[in-house]
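Notes follow once the structure below has been shown.
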Protein chains: 2
Amino acid sequence: MPRTPSPSIPAQNIRVTLKDVASVAGVSAMTVSRVLNAPDTISAATVARVREAIASTGYVPNSAAKALRSSKSRLIAAVLPTLTGSVFLDTIGALTAALARRGYQLMVGQSGYSAIGEDQLITDIISRRPDGIVLTGVVHTDEGRRRLLASGIPIVETWDLTPEPLDVLVGFSHEAVGREVSRFLVGKGRRRLALIGGDDVRSKRRWTAFAKSARALGVPAPVARFVSAPTTLAHGRETLRALLAEHPDVDAIFCSSDALALGVLIEARAQGIDVPKQLAVIGFGDLNFSAQLDPALTTVRIDGPRIGELAAHCIVARALGEPLDERIIDVGFTIVEREST
Amino acid sequence: MPRTPSPSIPAQNIRVTLKDVASVAGVSAMTVSRVLNAPDTISAATVARVREAIASTGYVPNSAAKALRSSKSRLIAAVLPTLTGSVFLDTIGALTAALARRGYQLMVGQSGYSAIGEDQLITDIISRRPDGIVLTGVVHTDEGRRRLLASGIPIVETWDLTPEPLDVLVGFSHEAVGREVSRFLVGKGRRRLALIGGDDVRSKRRWTAFAKSARALGVPAPVARFVSAPTTLAHGRETLRALLAEHPDVDAIFCSSDALALGVLIEARAQGIDVPKQLAVIGFGDLNFSAQLDPALTTVRIDGPRIGELAAHCIVARALGEPLDERIIDVGFTIVEREST
DNA sequence: TTGAAAGCGCTAACAA
DNA sequence: TTGTTAGCGCTTTCAA
């Protein structure tokens, strides 16, 4: 019978309640509650006695009861397209850690890359009455935005500087990225620019600014190819092949992800194309392998963990009704120049 | 005042309760509850009337009240070391999706690679009264295991075939991986084996079996280098350099992750070492870029999403008190042979 | 097929 | 500093 708890385990039972602790300690339930939530208001002797009772009974508070009574769930919901291979992972990881430090738990919802199921997801989230919702790289249907807003739950959007945020926003301007990358490439003497991106809204916004800026700088109109998200190395290889077949004179490529860029690098080598001499390649994301590639990959770096930490700060402040210095935080980005351009 | 909800938004309010819906529909609260949870027991006409009232009021159930009364939270907690760069991501992603399909939400806890804070994490998790807990790649302190068990909450461990599972287990044998990889390499004529791994328990278990099997096959004792988790490409480069400096005759390397293996590949190329002629390289994880590398990387493939789906199946079955066919599920692994060996 | 009463475990509000 | 009362929103149980 290896699964029977050994007798050394205290009589911990999931059904131990505040009342049980109270009667063991010889105080009222309210006093136990105060020891847990505001020990300063209770005499040291009582606190000690109650703490002992808690330990001996193995009491663990019931968050559902707490949430029901106090209307505070200490739960934050995060919505992102998918967990798998996501550029948002560092953000979500940092968010989880920063929230845990503040006594909040994270609930994860994957919206997928389509709007299907989003409605159900939103209902599920609202039904938990989280103290806040962090949206990451998610574009909502109007209906979804409306329901989220109507719920009255504080919302922080991240990874995007939209013109009309729902409430608080922590991100950067994808337009600025597109513009600066095209300036950077043209500044390096490139004239036939191209972009390979995912078919998501953020990538499209970078493209629009990229193309517009290139034209303003007097070089020929760039060309673009879009692949279905999430973007992979294989996409990069295939798309470079197709792109060069049609536009052999392209001399610079902006890839929507470092994975795509790695694919481009590999395909270029396979075709005997010299990077950066014949072709400049710049990625997006600065994954941990990018600096180590040969040639080392020039890329756009976003401080994902910082976004997560700021989002945690903002959403907790909003949840507690504290004032926020700014409603829109631009974390910016950096073009990390390496060997591939 | 752009933040004031537009008047077209229905009077959705987070404070709409079952009672409100009931009075709008002209029925009792209990009837509304039944329409939501067991519509078959209610007449079609009443169902329609209640559904209308729900829509017009914008009612969203309160999970905390539901959980408190019914002792069912429809919440599953997942514990993993870290979200960032984790080999478990596909598993967690699939788990989240599979649970959502069954009406369950996922709560994420990061235990870190140390035991610090694990105790607090466990308390936080138990206090939510999740219907189940999925443990992924986490080795617990005895105290932690005891408290988890004492909580009475169903537990599924994943990614590991430990000799004494807490309850249900979905994983594979790290010993078998180590053994098979050494057999594979020796079968290819290699004799001076080496391993580069993370300093986690699973990696160490693979190493022990790898070394033992190699000796049994009559080749010299393999050498190993361990780096702090999570493993990166940079670790791979550095460690290969150090390893070859000391053991220049090594002719095969088993890396604990494909990221490490990529680093080894890059460093080998930088040093003018021919892979696979002079050095065979095998990774672990089969990341999406591994097949595209040059040379394409031989690696050990684990079906991460399958583990997540099976874990979802098991934990939900346990939560509902349904019988389970097996308590230990071995998903196995595959050595995917490519160009690097 | 529907309703009424009770209470899940906790804390806000008030009282002592 | 501590206790009492009431009730958060829902579902279990019993009754009709």
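It should be emphasised that the depicted structure is a prediction, and the values quoted were computed from it without experimental measurement. Hydrogens, waters and symmetry mates are skipped; everything else that's a heavy atom, side chains included, is used.
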Q: Under 4.0 Å from any atom of DNA chain D, heavy atoms only: list the residues of residues 37-46 of chain A that qualify, in numerical order.
A: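 Only A/Thr41, A/Ile42, A/Ser43, A/Thr46 qualify.
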Q) Atom CZ of B/Arg74 and atom C1' of D/dG9: how far apart are they, to the nearest Å? A)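 Distance, rounded to whole Å: 18 Å.
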Q: Measure from CG on B/Leu18 to P on D/dG7 and round the result to the nearest Å.
A: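 Going from B/Leu18 (CG) to D/dG7 (P), I get 18 Å.
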Q.
Taking B/Arg147 first and then B/Asp119, would you say they form a salt bridge - that is, a charged N and a carboxylate O separated by under 4.0 Å?
A.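 Between B/Asp119 and B/Arg147 there is a salt bridge, with a charged N closer than 4.0 Å to a carboxylate O.
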(Q) Between A/Arg49 and A/Glu52, does any NZ, NE, NH1 or NH2 come within less than 4.0 Å of an OD or OE carboxylate oxygen? (A)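 So A/Glu52 does not pair with A/Arg49 through a salt bridge.
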Restricting to side chain to side chain donor-acceptor pair (under 3.5 Å), what partner residues turn up for [X], sequence neighbours left out?
X        : answer
B/Ser23  : none
A/Thr46  : A/Ser43
A/Asp131 : A/Ser73

Q: Could you check if a side-chain atom of A/Asp20 sits within less than 4.5 angstrom of a side-chain atom of A/Arg15, using non-hydrogen atoms only?
A: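 Not touching, per the 4.5 Å side-chain cut-off.
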Q. Can you tell if the side chain of B/Leu75 reaches within under 4.5 Å of the side chain of A/Arg128, non-hydrogen atoms only?
A.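 Of all side-chain heavy-atom pairs linking A/Arg128 with B/Leu75, at least one is under 4.5 Å.
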What pairs with [X] under side chain to side chain contact (heavy atoms under 4.5 Å, CB included), at least two apart in sequence or on another chain?
X        : value
B/Thr136 : B/Leu80, B/Phe88, B/Ile92, B/Val134, B/Thr158, B/Trp159
B/Val316 : B/Leu99, B/Arg102, B/Tyr104, B/Leu320
A/Val47  : A/Val35, A/Ile42, A/Arg51
A/Lys19  : A/Thr17

Extract from the structure each pairing of a protein N or O with an N or O of nucleotides 14-16 of chain C at less than 3.5 Å, listing the distance.
none

Identify the pairs formed between an N or O of the protein and an N or O of nucleotides 5-8 of chain C at a distance under 3.5 Å, and give each distance.
| residue | atom | partner | partner atom | Å |
| --- | --- | --- | --- | --- |
| C/dG7 | N2 | B/Arg69 | NH1 | 3.3 |
| C/dG7 | N3 | B/Arg69 | NH1 | 3.2 |

Q: Please list all pairs passing the side-chain hydrogen bond (donor to acceptor under 3.5 Å, both in side chains) test where one or both residues lie in residues 27-39 of chain A, with sequence neighbours left out.
A: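 Listed once each, the pairs are A/Ser28-A/Thr31, A/Ser33-A/Asn37, A/Asn37-A/Lys66.
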Q | Bending between helix ends of the helix from C/dT1-D/dA16 to C/dA16-D/dT1 [5 pairs per end, 10° resolution] | A |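 One end's axis against the other's: 30°.
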Q) When rounded to the nearest 0.5 angstrom, what distance separates NE2 in A/His313 from CG in A/Leu324? A)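 Between atom NE2 of A/His313 and atom CG of A/Leu324 there are 5.5 Å.
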Q) OP1 or OP2 of C/dT2 less than 4.0 angstrom from a side-chain nitrogen or oxygen of B/Thr31, does that happen here? A)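 The answer is no; no side-chain N or O of B/Thr31 sits under 4.0 Å from OP1 or OP2.
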